[in-house]
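We count residues from 1, following the sequence as given. The model shown is predicted, which means the values in this text are computed figures rather than measured ones.
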Amino acid sequence: GTTTRLAPLPTELTRCEDEPSAPDIPAIDWSSIDAARATVGLRDRLTLDFILALRSAGADCRANVAGAAAWNARVSVGN
């Protein structure tokens, strides 16, 4: 009979991007409204960057899982 040998999954489909570290959020300086406003703006930017990086890592992982599923679907058709 014929022997079918399966190829391993591509390495890039077996990993997910690392989850980003939470940002170091500075305490609000309440010495003046301007100081507080500047700190709040910085906190907002740090939080937004973290959220975007977290979403990117999740999207990377979902794409890898979808790629692995597509590969497995192609392999199972041949078996």
Output a table of donor-acceptor pairs, distance under 3.5 Å, between side-chain atoms of residues 42-58 and any protein atom two or more places apart or on a different chain; print 'none' if there are none.
| residue | atom | partner | partner atom | Å |
| --- | --- | --- | --- | --- |
| Arg43 | NH1 | Pro26 | O | 2.8 |
| Arg45 | NH1 | Gly41 | O | 3.3 |
| Thr47 | OG1 | Arg43 | O | 2.8 |

Residue pairs fulfilling disulfide bond (SG atoms under 2.5 Å apart) with at least one residue in residues 14-66, sequence neighbours excluded: Cys16-Cys61

Joint cluster assignment, Trp30 & Val40, ILVMFWY side-chain distance < 4.5 Å: yes

Under the side chain to side chain donor-acceptor pair (under 3.5 Å) test, residues paired with Ser31 that sit two or more places apart: Asp29

